[in-house]
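Taking it in order: structure first as structure tokens, then the write-up.
The structure presented is a predicted model; accordingly, all values stated were derived computationally and were not measured.
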Amino acid sequence: MTKVLVLHSVCLVRSALAALLRSEGDFEVTSSGWRAAVRQAEFLRPDVAVVDLDCPGVSAALLADAGATRLLPDSSVPLLVLARADTPGSLRRAFLTRARGYVDKDGSPERLVRAIGKVAAGERFIDATLASAFMEADPMPLSPRELSVLARAAEGDSIAEIAHALHLASGTVRNYMAAVTRKTGARNRIDAIRISRRAGWV
């Protein structure tokens, strides 16, 4: 039986996805919000962790230290992300999570079941409908650390809160935000968040 950890900040969404997987495949499914993700992952030791890229807070959670290792205690746990073909910028962001599988949210449940099986077996999976979106995605001008800082800012965190969450000095966070503003061609932090959201980076 394949052990699957479903991560989403919205309880109804993660519960519905977990119920779907239990009905569609031979899975032992646990669902969790971000705060309990590490504890659940340590207890379950999942074969696959499934994450929705449109989930509120996903950027701040997954892009800390540019990958899922901050979220999941064992970096060997394969990550499978759910994405949409009409938001190619978010797929660029997905690369930074070191995901092994990418499933189109507009696809069938059977596609998700197949993807989980392949990722759990150590293979890669990319939905055909997402392949062209990967090619069309705008280049990512921000470094992983800049993106992690921006993702926290987009969630409404203050400079001090970002510094505490990412174990940085406040001055360092301000320097990263200045670099983000410059690289995105924004007027200020709010404008940088707006531009980055429109591109699908956060």
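Within the 3.5 Å criterion, the main-chain N or O of Thr129 finds no donor-acceptor partner in the side chain of Asp127. Remark: side-chain polar atoms of Arg14 are paired, donor with acceptor, to backbone N or O of His8 under 3.5 angstrom. Here the side chain of Arg152 pairs no donor or acceptor atom with the backbone of Leu166 at under 3.5 angstrom. Checking side-chain atoms of Arg84 against main-chain N and O of Lys105 turns up no donor-acceptor pair under 3.5 Å.
In this structure, NZ in Lys183 is found 11.5 Å from CG in Leu150, a value given to the nearest 0.5 Å. In this structure, Thr184 OG1 and Ile193 CD1 are separated by 10.0 Å, a value rounded to the nearest 0.5 Å. Of the inter-residue distances, the one linking Glu146 atom CD with Leu142 atom CG reads 5.5 Å to the nearest 0.5 angstrom. Here the CG-CE distance, from Asp26 to Met1, works out to 4.0 Å after rounding to the nearest 0.5 Å. We find the OG1-CG distance between Thr30 and Leu7 to be 10.0 Å, quoted to the nearest 0.5 Å.
Closest non-hydrogen pair, Ser170 versus Ala160, comes out as OG-CA, 4.3 Å. Nearest heavy-atom pair, Gly156 versus Glu161, reported as atom, atom and distance to 0.1 Å: O-OE1, 4.2 Å. In terms of heavy atoms, Val4 sits closest to Pro46 at C-CB, 4.5 Å.
Taken together through direct or relayed side-chain contacts under 4.5 Å among Ile, Leu, Val, Met, Phe, Trp and Tyr, Leu82 and Tyr102 form parts of separate hydrophobic clusters. One hydrophobic cluster, built from ILVMFWY side chains closer than 4.5 Å, cannot hold both Val48 and Val77; they sit in different ones. No single ILVMFWY cluster, assembled from side-chain heavy atoms under 4.5 Å apart, contains both Leu20 and Leu5. Linking Ile, Leu, Val, Met, Phe, Trp and Tyr residues whenever their side-chain heavy atoms come within less than 4.5 Å places Val6 and Val119 in a single cluster. By the rule that hydrophobic residues join a cluster once side-chain heavy atoms approach within less than 4.5 Å of another member, Leu130 and Val103 end up as members of separate clusters.
Proximity of Tyr176 to Leu168: side-chain heavy atoms (C-beta onward) are separated by under 4.5 Å at one or more points. Residues Leu112 and Leu17 have side chains in contact (heavy-atom distance under 4.5 Å, counting atoms from C-beta outward).
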- Message: Between Phe27 and Val113, is the side chain to side chain contact (heavy atoms under 4.5 Å, CB included) condition met? List the steps.
- Response: CA-CA 9 Å; Phe27 300 129; Val113 169; 3.9 Å; yes

- Message: Under the criterion side chain to side chain contact (heavy atoms under 4.5 Å, CB included), I'd like the reasoning laid out for Ile159 against Arg189: C-alpha separation, chi angles, the key distance, then a yes or no.
- Response: CA-CA 11 Å; Ile159 294 294; Arg189 180 169 75 166; 3.8 Å; yes

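For Asp104 and Arg111, the salt-bridge test fails: no basic side-chain N is under 4.0 Å from an acidic carboxylate O.
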